[in-house]
Amino acid sequence: MSWIDWGIVIGILSVVLFFAFYSRRYVRGVVDYLAAGRAAGRYMMCVSDMAGGLSVIGMVALVEIKYQTGFAIGFWETIIGPLGMFLALTGYCVYRYRETKALSAGQFLEMRYNKAFRIFAAVIRTLSEMITNAIAPAIAARFFIYYLGFPHYFELWGIRISTFATVLAAVLLIALVIMLTAGQISLIVTDCLQGLLCYPIFILLALFLYFNFSWDNQIAPVMADRAAGESFLNPFDIEKLRDFNLFGLFVVVFGTVLNRASWFGGGSIICAKTPHEQKMAGILGTWRQGFAWVLCILLAVTVLTFMNHRDFAGQANELRRELSVKVLDEVVPDSHPNKNAAKESVLHIPPSEHVTGTAAPLSRTRNPDTIYLDTVHRTLGTDGRSNYLFQQFRTIYHQMLLPATYREILPRGLIGIFCALMIMFMVSTDDSRIFGSAATLIQDVVLPAVKQPLSPKTHLLLLRLGTIAVTLFFFVASLFFVNVDFINMFVTIMTSIWVGGAGPVTLFGLYSRFGTTAGAFSAVFCGAGVALSGLFMQYNWAKTVYPFLVEMEWADPLDSFLQTVSGPFQPYIVWRMDAVKFPINSVELSFLSSLTGLAAYVLVSLLTCRKPFNLDRMLHRGLYRDPDKPEKLQYDWSLKTIFRKMIGITPEFTRADKIITWFIFAYSFGYVFLLSFVAVVIWNLISPWPLEWWSTYFFVTQLAVATVIGVISTVWFFIGGIIDFCHFFKDLKLRQEDPLDNGQIIGGMSLSDQKKFGSGK
């Protein structure tokens, strides 16, 4: 990068760090550090959540998926948007959780079950969360190494030092500095600030890509150039897609409902001024991305186009050579006898002669990348160790296409702007995830073991020490992390260790009276057991498990068994023996884990339930209502009122809230779901569209309309975010501190509630 690019990066990072240090003056107690004083407005939460939700690992994962599936599967994902909107409008799980006034998920679990389960669940959740999130710094560090062209090692005073470890340490140090200054206050402030800075960058990068890639002449022809059953444009022609297919979509929908409350705890969800403000933030969250989604789509399709269109064939071939050699240098140790031969082989691969529209369509197993992957695999060898190394090579090769491609595409100035954008994504994600794990560790593992109330000073010290400990864990875990699968697949199986049982535990904990502690323990044990077994098989399959099966002559019989079991569900579930990859993918394992956890919770709870749980006390309703809050108004049961309740409108809604809610409801359900999805499905069932029509459809819905919405929401949330940003500091100054509001539970009630209502049951 030039000095201009570095100046842009340093300038933006300096502004973010300044506000992190400025936030220190507002930390007066535990609630400030953990929940930002519960003073955040809806737009501040939306903008900060947008920044926290966008990450380097998320961008890499999106490109990784779109490179394999294009737009087609995304059409069916349309159903997730209205579902999420409906859940947000009704306040499903979120409203009830906010009513518990819990500062952490563990505090809620102790109120609903008991202290032992709180500690047990916190350990399982924290380990699952930490290991899952620990790969984010690793992916980010690798991204910057490939984007900036850094070597894998450099020498300092004659000592050979790993560039990966150095960048990783720098990445985590920035996040640690932000977290230690003011906890959740500095997180939400810096995330909001980064979100506000990102909005104009989104527009600038999107405009550059619009003017440098042609949809009709480059992007659309590449998307249309796919074999039957693997279409990137026609959602009715995708039955041969593997990993990311319709069954995976079904699992996502199933998990969206069942696991809605599984990850509740810290973050902005407990920072809102009121439960209603949090609810409105969730409703507005549908549009908070602004230009972000447009940019994400453009990044993905331009990488696909650059790597496969003949206009870029020469540059793409050179990029594949350089990328292959760089990944081989990273993955394959120098001691491997075939490493140099593999590097020489890829350097002599001739340029791709594929011509879109005249040659045979590309497919998952036959495309311009295939010859590079096959050459490396063949040259390295097919023994267990070499298969394991090739598995890593193939994974990193696809993940690093994004930084390698944009290093070639972007001009001076934009290189620095894109780098700054990725650094903001990295910081906003790493700090929030590390802080969340540290808060869970202290609030739900350490705090329940303390019998006496902690002083705010001691409590804050423990939280800061926990943050440092988790950051060190992230560093070590990232340093030794070995990636052998798609990012989303790894995240899916790792999170299943917790959500496999946590889904029913949290959902029924909020909505049922029959759930018991025994049922909760059973659900987490069974769900985690299935997920851990699958994870073990995935990471040991190529190196040890498959060679062992071959040696014992069990491979063929097991292959026949797997194909028989998956036969009724083909082509969406296909279980076949493979020397490199475990036959059952992470999505399928996650679904099995969730079903096992759900069955265990319901059966054991029904068998052990002796007395209905007192939900009113936990939710502060009825006799346990906060005396400072007015009673809820009673609803009539007219059709109009029922419909308003269905979309979540309550007496707390102002006229402006109702207008926003109805407008977003009309857009999400009227335009996105009914017009752009249901009507299109019916039309194609009667008269299927040609590919040209699908190309126009995706251009209009994914880019043209999304761009208009992006312009509106960018201005809207930019202004609202600035206003909330200013009000936030004013509200913090006026907030009344309650030293007892620290997350400790005694006798099934929080200390602050005991002061108000007494300790009686």
I'd like to know whether the aromatic ring centres of [X] and [Y] sit less than 6.0 Å apart in this structure.
X	Y	result
F525	F120	yes
Y601	F508	yes
F521	F117	yes
F481	F490	yes
Y572	F250	no

For the pair [X] (side chain) and [Y] (backbone), establish whether a donor and an acceptor sit closer than 3.5 Å, ignoring hydrogens and angles.
X	Y	value
T370	N367	yes
R321	I349	yes
T471	T467	yes
E408	L319	no
Q702	I297	no
D431	A175	no
S478	F475	no
S128	I124	no
S496	A531	no

Would you check if [X] and [Y] make a side-chain contact, meaning some heavy-atom pair closer than 4.5 Å?
X	Y	answer
L589	Q538	yes
I145	F164	yes
V587	F591	no
V331	F390	no
M223	T305	no
M130	F474	yes
D369	Y397	yes

Heavy-atom neighbours of D383 CG exceed 12 at 6.0 Å: yes

field: Within 6.0 angstrom of K240 NZ, more than 12 heavy atoms from elsewhere
entry: no

Scan the side chains in residues 573-580 for donor-acceptor partners under 3.5 Å anywhere in the protein, sequence neighbours excluded, and list what turns up.
from	atom 1	to	atom 2	distance (Å)
W575	NE1	E588	OE1	2.7
D578	OD1	V580	N	2.6
D578	OD1	K581	N	3.1

message: Assess the residue pair V545 and L549 against the criterion (side-chain contact (heavy atoms from CB on, under 4.5 Å)); give the C-alpha distance rounded to whole Å, side-chain angles, the decisive distance to 0.1 Å, and a yes or no.
response: CA-CA 6 Å; V545 177; L549 294 175; 4.2 Å; yes

- prompt: Do you know the tightest heavy-atom contact between I139 and Q399?
  reply: CD1-OE1, 3.6 Å

Shortest non-hydrogen separation from F150 to T163 and the atoms involved: CB-CG2, 3.9 Å

field: Partner of L598 by side chain to side chain contact (heavy atoms under 4.5 Å, CB included), out of L603, L258, V505
entry: L258

task: Go through F486 and I65 one step at a time and tell me if the side-chain contact (heavy atoms from CB on, under 4.5 Å) criterion holds.
output: CA-CA 8 Å; F486 295 111; I65 293 173; over 6 Å; no

task: Determine whether the side chains of T492 and S586 contain a donor N or O and an acceptor N or O closer than 3.5 Å.
output: no

- prompt: Does the side chain of E344 come under 3.5 Å of the side chain of N340 through a donor N or O and an acceptor N or O?
  reply: no

task: Evaluate the criterion side-chain contact (heavy atoms from CB on, under 4.5 Å) for residue pair V346 and R320; output intermediate values, then yes/no.
output: CA-CA 9 Å; V346 296; R320 287 188 175 95; over 6 Å; no

- line: ring pair (Phe, Tyr, Trp, His ring centres under 6.0 Å) test vs W541 passes for just one of F582, Y388, F548, F536, namely F582

task: Kindly determine whether D329 and K343 satisfy salt bridge (Lys or Arg N to Asp or Glu O under 4.0 Å), including the steps that lead there.
output: CA-CA 9 Å; D329 279 334; K343 291 167 65 175; 2.9 Å; yes

